[in-house]
Amino acid sequence: MAENSTITICLMAILFITRLASTLGKSRPWTGFLSPRLQTLHFARNLHLEPDAIKSVSSDYGNLVHENPAAVLYPSSIEDITSLIKFSYNNYTPFTVAARGHGHSVGGQAMASNGVVVDMMSLRHHKNGTGITVSKSPSLGFYADVGGEQLWIDVLHSTIEHGFAPVSWTDYLYLTVGGTLSNAGISGTTFRYGPQISNVYEMDVVTGKGEVVTCSSRSNSELFYAVLGGLGQFGIITRARIALEPAPKRVKWVRMLYSDFSAFTKDQELLISINGRKQKNALDYLEGSLLMVQGPPNNWRSSFFPSSHIPKIMSLVTQHAIIYCLEAAKYYDDETRHTVDKDLQQLFKGLSFVDGFMFEKDVSYVDFLNRVRSGEEKLHSQGLWDVPHPWLNLFLPKSRISDFNKGVFHDIVLKRNITTGVVLFYPMNRQKWDDKMSAVIPDEDVFYTVGFLHSSGFDDWQAYDQQNKDILKFCDQAGIEIKQYLPLYNSYKEWINHFGSKWRRFRERKAQFDPKMMLSPGQRIFNDI
Ligand code: FAD
């Protein structure tokens with residue numbers, strides 16, 4: 001026994017000395033953090049260390065976290081990515097690797113302090129238009145094979161040329177396919193079509209061992225489900241096969257205002273209860289948002305209300321302090337253009353919005369899906385896009401939304417004297433999500449998403465951050481079992497709590513697909529950066 005422990009201690013000492021020698025003694029470190037041998041590999045010309053390259057990936061849309069990588073890889077092929085990961089995996093001291101899509105995270109999730117950031121968007125320039133292809137198979141019907149680096153706006157434009165389009169969207173389309181599939185990809189289409197992760201047939205993934213694996217629900221299914229909503233922890237998505245349906249031409253887009261929270265949510269829930277994919281009388285999109293005295297009715301997310309209606313809306317908001325806005329859309333085409341209004345009338349019969357406060361628009365399908373872009377361009381032109389974004393996104397169990405309305409909207413948000421930006425609030429159906437996936441949602445058939453999408457100045461973001469903390473604290477104390485969407489946690493314990501019953505599997509999958517814990521360190525689950 002004593003002999004065994006002496007041997008163990010000796011082995012550990014040898015291991016420690018070898019490791020020390022490899023980090024200190026080996027030929028002079030190239031960047032201080034990466035092995036100089038990287039310079040000799042075939043993709044070395046695509047690795048950049050210049051300050052401009054480092055700076056371009058050391059912040060994100062949130063503008064609150066800043067971490068410098070040691071280098072940035074601008075891959076010209078998938079092979080560049082596999083070689084980089086393999087190199088790190090086989091290195092005595094592996095370095096971390098983060099795929100960066102469009103960097104639209106808000107908490108440093110696509111950063112890799114002292115590691116390598118892979119700028120996925122650079123692949124778009126090397127694919128010569130082959131990054132998105134539309135095909136058909138007898139079993140799947142029409143589908144698109146899309147590079148993980150592609151923006152959803154390009155997926156829309158390319159597929160619509162063939163008369164088809166994906167069915168599940170995010171509100172904003174300048175996000176990459178790999179980035180949203182690593183979270184979930186949600187919007188008003190989720191209640192009916194599921195999140196974007198529920199609309200993927202197959203993926204190519206470069207694992208944390210540098211192996212390229214094609215996976216689907218039938219083949220390498222453990223990796224497939226791990227990666228969907230997997231926060232970049234198990235591999236880099238280089239291709240996703242996305243379900244397509246015939247694209248509609250136009251959209252009836254409606255907003256109704258409510259002064260009563262329970263009437264608002266009752267109507268939202270009624271409308272999402274008609275949710276069959278083939279059910280012709282179902283809505284195609286349902287969201288909701290809050291209009292508050294501290295904020296304007298129109299905002300960057302979409303300026304829907306014409307200026308002639310603003311005074312009457314403002315006076316309703318002033319009267320009630322909070323107004324709830326139900327937003328719905330129904331697609332139509334040549335075949336359904338004569339019936340769409342009747343279908344909507346039928347759907348909206350008996351709803352309890354405030355009399356005279358229903359507004360309607362008729363827009364093209366592409367304009368509807370790309371509705372956030374004009375707000376973005378406006379903010380860009382005013383220098384207000386690249387500001388801090390202390391966002392908080394949550395999923396709430398339906399059974400506790402009234403407590404949340406009172407405890408958060410009324411008792412926290414209304415009482416602060418800070419301008420409220422976009423606040424989203426809408427329900428989804430759990431049955432449209434697959435529990436085998438890594439994404440985490442509340443354990444009730446219907447749950448809500450609430451999004452506090454704040455923009456702040458560089459000197460007052462702390463007030464929003466504090467409000468977010470107070471909201472989380474309130475939920476904790478009131479026993480509201482929220483799940484964060486686009487989660488941001490500071491401790492391992494919080495991650496364990498976040499994943500709940502899924503934690504064990506999540507950890508086992510990490511050990512299987514990224515055993516050296518190299519990938520997406522900016523999520524701060526397995527790496528403290
Ligand atoms: P990044 O921020 O670059 O990366 C996010 C994470 O994914 C990182 O951990 C990164 O390492 C990992 N990752 C990136 N690419 C890959 C890949 N190919 N393979 C594996 N891992 C990868 N979300 C919604 O669901 N619905 C919305 O309506 C919505 N609207 C938004 C509007 C705006 C203005 C913004 C800024 C964000 C919005 N989001 C929305 C959130 C958005 O989906 C996430 O922040 C998403 O991660 C951003 O995609 P990205 O391409 O910028 O990813």
Side-chain angles (χ1 to χ4, degrees), residues 57 59-63 65 69 75 78 81 85 96-112 115-121 123 146-153 168-190 195-197 203-208 226-240 285 287 299-302 369 371-373 375-376 379-380 385-386 389 391 393 395 421-422 424 426 428 438-439 449 451 453-455 485-488 513-514 518-525 527 529:
V57 298
S59 65
D60 59 19
Y61 181 79
N63 236 319
V65 176
I78 310 294
I81 303 175
I85 295 182
T96 55
V97 176
R100 177 182 164 100
H102 207 194
H104 276 49
S105 295
V106 296
Q109 288 91 334
M111 295 178 200
V116 178
V117 169
V118 180
D119 190 329
M120 295 297 288
M121 298 270 285
L123 279 175
V146 176
E149 73 289 348
Q150 297 293 324
L151 294 175
W152 283 102
I153 183 71
S168 180
W169 294 98
T170 46
D171 287 333
Y172 174 66
L173 305 185
Y174 292 76
L175 306 167
T176 65
V177 169
T180 69
L181 295 185
S182 297
N183 286 296
I186 58 164
S187 76
T189 50
T190 309
Q196 290 181 323
I197 50 173
M203 286 180 290
D204 288 339
V205 174
V206 185
T207 68
V227 165
L228 294 169
L231 306 175
Q233 294 305 301
F234 310 104
I236 297 185
I237 303 164
T238 53
R239 178 186 63 92
Y285 165 102
E287 288 198 5
N299 53 53
W300 61 270
R301 221 189 114 261
S302 77
L369 290 180
R371 62 197 173 278
V372 178
R373 183 62 166 175
E376 176 193 352
L379 289 186
H380 260 306
W385 184 252
D386 296 318
H389 293 104
W391 283 15
N393 287 278
F395 291 143
V422 176
L424 301 177
Y426 59 90
M428 317 180 195
S438 293
T449 185
L453 311 185
H454 299 301
S455 301
Y485 179 55
L486 315 171
L488 285 168
F513 301 116
D514 180 23
M518 289 155 34
L519 299 179
S520 280
Q523 298 279 2
R524 294 181 169 81
I525 306 175
N527 315 67
I529 66 168

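Counting starts at 1 for both ligands and their atoms, in listed order. Everything numeric in this text was worked out from a predicted model, so none of it was measured.
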Quiz item: Would you call Arg100-Asp60 a salt bridge at under 4.0 Å N-O?
Solution: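 Looking at Asp60 together with Arg100, the answer is no, because their closest N to O distance does not fall below 4.0 Å.
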Quiz item: Hey, looking at atom 41 (C) of ligand 1, which of Leu486, Val97, Val118 has the closest heavy atom?
Solution: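 Considering heavy atoms of Leu486, Val97, Val118, the nearest to atom 41 (C) of ligand 1 sits in Leu486.
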Exercise. Tell me which one of Leu175, Thr449, Val57, Val227 gets a heavy atom nearest to atom 42 (C) of ligand 1.
Key: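 Looking at heavy atoms only, Leu175 sits closest to atom 42 (C) of ligand 1.
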Residue [X] vicinity, atoms of ligand 1 by number, heavy atom under 4.0 Å:
X: Ile236; answer: 19 (N), 20 (C)
X: Gly103; answer: 1 (P), 2 (O), 3 (O), 52 (O)
X: Gly232; answer: 21 (N)
X: Thr180; answer: 43 (O)
X: Gly101; answer: 1 (P), 3 (O), 14 (C), 15 (N), 51 (O)
X: Thr176; answer: 50 (P), 51 (O)
X: Gly185; answer: 25 (O)

Counting only nitrogen or oxygen atoms and a 3.5 angstrom limit, does [X] reach ligand 1?
X: Ile237; result: yes
X: Gln109; result: yes
X: Ala99; result: yes
X: Ser105; result: yes
X: Tyr485; result: yes

Quiz item: Given that the side chain starts at C-beta and the backbone is N, CA, C, O, which of these parts of Gln523 lies under 4.0 Å from ligand 1, counting heavy atoms, or is it both or neither?
Solution: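 The answer is the side chain.
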Quiz item: Hey, is Leu181 touching ligand 1 through its side chain, its backbone, both or neither, going by heavy atoms under 4.0 Å?
Solution: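 Under 4.0 Å from ligand 1, Leu181 contributes no heavy atoms.
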How far is [atom] from its nearest protein heavy atom, and which residue and atom name does that atom have?
atom: atom 47 (O) of ligand 1; answer: Asn183 ND2, 2.9 Å
atom: atom 50 (P) of ligand 1; answer: His102 N, 3.4 Å
atom: atom 35 (C) of ligand 1; answer: Trp391 CH2, 3.5 Å
atom: atom 45 (O) of ligand 1; answer: His104 O, 3.1 Å
atom: atom 26 (N) of ligand 1; answer: Ile186 O, 2.8 Å
atom: atom 34 (C) of ligand 1; answer: Tyr172 CD2, 3.6 Å
atom: atom 53 (O) of ligand 1; answer: Gly179 CA, 3.6 Å
atom: atom 28 (O) of ligand 1; answer: Asp171 N, 2.7 Å

Quiz item: In chain order, what residues pass the side-chain hydrogen bond (donor to acceptor under 3.5 Å, both in side chains) check against Tyr485, with sequence neighbours excluded?
Solution: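 So Tyr485 forms no side-chain hydrogen bond (donor to acceptor under 3.5 Å, both in side chains) with any residue.
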Exercise. If the plane angle is over 60° it's perpendicular, under 30° parallel, otherwise tilted; pick one for His104 and His102.
Key: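 Plane angle under 30°, so parallel.
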Exercise. Report the relative orientation of the aromatic rings in Trp385 and Tyr172; use parallel for angles under 30°, tilted for 30 to 60°, perpendicular for over 60°.
Key: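 Geometry flag for Tyr172 against Trp385: tilted rings.
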Practice problem: Answer yes if the ring centres of Tyr174 and Trp152 are under 6.0 angstrom apart, and no otherwise. | Solution: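 No, too far apart.
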Quiz item: Are a donor atom and an acceptor atom from the side chains of Thr180 and Gln196 found within less than 3.5 Å of each other?
Solution: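 Result is yes, a qualifying pair exists.
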Quiz item: Quick one: does Gly235 get within less than 4.0 Å of ligand 1, heavy atoms only?
Solution: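 Contact present.
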Quiz item: Is Ser520 near ligand 1, meaning one of its heavy atoms is under 4.0 Å from it?
Solution: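 It does; at least one heavy atom falls under 4.0 Å.
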Exercise. Could you grab the distance from atom OG of Ser182 to atom CD1 of Ile237, nearest 0.5 Å is fine?
Key: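 Between atom OG of Ser182 and atom CD1 of Ile237 there are 4.0 Å.
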